[in-house]
Novice: 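If you scroll down you'll find the structure; I have some questions about it.
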Amino acid sequence: MTEIHDVRQRAVLPIGTVIALTELSARQIRYYEKQGLIQPQRNAGNHRLYALVDVEDLLAIKAQLASGLTLGEIKRLQDQSVPHPSDAEARQMLREELLNQSRFTPAPRIKQGF
DNA sequence: TTTCTAACA
DNA sequence: TGTTAGCA
């Protein structure tokens, strides 16, 4: 499975679709982004493009807000659970990723008959 | 038509 | 957060 085939991370959903899926207002969705809770991409026309993982994040945020947490608290929890690239754990994951790639390198062609 | 940013009753 | 104005 290569990264480009990870459907959940492909940013292709316009905000209207996200609104339909989350029941959140455009105002809320954009505000949560400004607070750093989600990071959707942008197309050439500066319009936001969301991935399914963004929708999942928004649903989680919605649930946490309903449970009484504030945006600031939710942001803190996210920062703690998402390791930075410099973290040992992230380095370990990247190392294994690279090892996997070499592991699938095509073996040398065996001399064909004739 | 939809989305974007900025700003205000 | 809602809502609206003026663009793209």
Side-chain angles (χ1 to χ4, degrees):
Chain A
M1 291 204 210
T2 55
E3 310 80 334
I4 62 174
H5 290 147
D6 192 343
V7 181
R8 295 193 156 185
Q9 294 194 176
R10 301 193 60 183
V12 294
L13 314 175
I15 196 167
T17 300
V18 178
I19 291 173
L21 261 29
T22 64
E23 298 296 319
L24 289 170
S25 67
R27 182 78 158 78
Q28 291 175 302
I29 296 171
R30 293 178 186 131
Y31 181 63
Y32 300 162
E33 174 190 348
K34 193 166 187 177
Q35 299 309 302
L37 287 125
I38 55 175
Q39 31 282 194
Q41 294 186 197
R42 298 282 183 131
N43 64 14
N46 195 42
H47 285 193
R48 275 166 270 246
L49 288 180
Y50 300 82
L52 291 176
V53 290
D54 294 319
V55 174
E56 293 172 343
D57 285 347
L58 286 170
L59 290 174
I61 292 168
K62 184 180 179 181
Q64 296 179 79
L65 285 173
S67 75
L69 292 180
T70 64
L71 278 185
E73 294 170 331
I74 296 173
K75 172 100 169 78
R76 276 180 166 270
L77 294 175
Q78 294 239 324
D79 290 342
Q80 295 181 348
S81 60
V82 178
H84 287 229
S86 58
D87 293 351
E89 186 178 350
R91 287 173 176 280
Q92 171 71 3
M93 292 178 71
L94 175 59
R95 189 176 67 73
E96 293 182 355
E97 179 77 34
L98 293 175
L99 286 176
N100 267 323
Q101 288 180 35
S102 60
R103 196 167 297 158
F104 289 114
T105 295
R109 296 289 72 189
I110 294 180
K111 191 181 300 177
Q112 297 300 308
F114 212 105

Novice: Can you sort out the partners of S25(A) under side chain to side chain donor-acceptor pair (under 3.5 Å), two or more places apart, ordered by chain and number?
Specialist: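 By the side chain to side chain donor-acceptor pair (under 3.5 Å) rule, S25(A) matches Q28(A).
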Novice: Under a 4.5 Å side-chain heavy-atom rule over Ile, Leu, Val, Met, Phe, Trp and Tyr, are L24(A) and I19(A) clustered together?
Specialist: yes
Novice: I want to check something: taking the side chain as every heavy atom from C-beta on, are I29(A) and Y50(A) in contact at a cut-off of under 4.5 Å?
Specialist: yes
Novice: List for me each residue that meets side chain to side chain contact (heavy atoms under 4.5 Å, CB included) alongside S67(A), sequence neighbours excluded, and say none if there are none.
Specialist: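 Partners of S67(A) under the side chain to side chain contact (heavy atoms under 4.5 Å, CB included) test: Q64(A), L69(A).
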Novice: Dump every N/O contact between nucleotides 3-6 of chain B and the protein below 3.5 Å, one line per pair.
Specialist:
from, atom 1, to, atom 2, distance (Å)
dT3(B), OP1, G16(A), N, 2.7
dC4(B), OP1, R48(A), N, 2.9
dC4(B), OP1, R48(A), NE, 2.9
dC4(B), OP2, R30(A), NE, 3.0
dC4(B), OP2, R30(A), NH2, 2.4
dC4(B), O3', R42(A), NH1, 3.4
dC4(B), O3', N46(A), ND2, 3.4
dT5(B), OP1, R42(A), NH1, 2.9
dT5(B), OP1, R42(A), NH2, 3.0
dT5(B), OP2, R48(A), NH2, 2.1

Novice: Going by the rule side chain to side chain contact (heavy atoms under 4.5 Å, CB included), which residues pair with Q39(A) if we only count those two or more places apart in sequence or in a different chain?
Specialist: none
Novice: Stems in DNA chain B: runs of 3 or more consecutive Watson-Crick or G-U pairs, distances under 3.5 Å?
Specialist: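 Expected stems, ordered by start: B:4-8 with C:2-6.
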Novice: Go through the structure and list residues passing salt bridge (Lys or Arg N to Asp or Glu O under 4.0 Å) with R48(A), not counting sequence neighbours.
Specialist: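 Partners of R48(A) by the salt bridge (Lys or Arg N to Asp or Glu O under 4.0 Å) criterion, ordered by chain and then number, come out as E33(A).
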Novice: Can I get a per-line list of side-chain donor-acceptor pairs under 3.5 Å for residues 51-63 of chain A, giving both atom names and the distance, sequence neighbours left out?
Specialist:
from, atom 1, to, atom 2, distance (Å)
D54(A), OD2, A51(A), N, 2.8
E56(A), OE2, R8(A), NH1, 3.4
K62(A), NZ, T22(A), O, 2.8

Novice: Hey, could you give me each pair passing salt bridge (charged side-chain N to carboxylate O under 4.0 Å, His left out) that has a residue in residues 68-77 of chain A? Not counting sequence neighbours.
Specialist: K75(A)-D79(A)
Novice: Which is the 5'-most and which the 3'-most nucleotide of DNA chain C that has an atom under 4.0 Å from a heavy atom of chain A?
Specialist: dT1(C) to dT3(C)
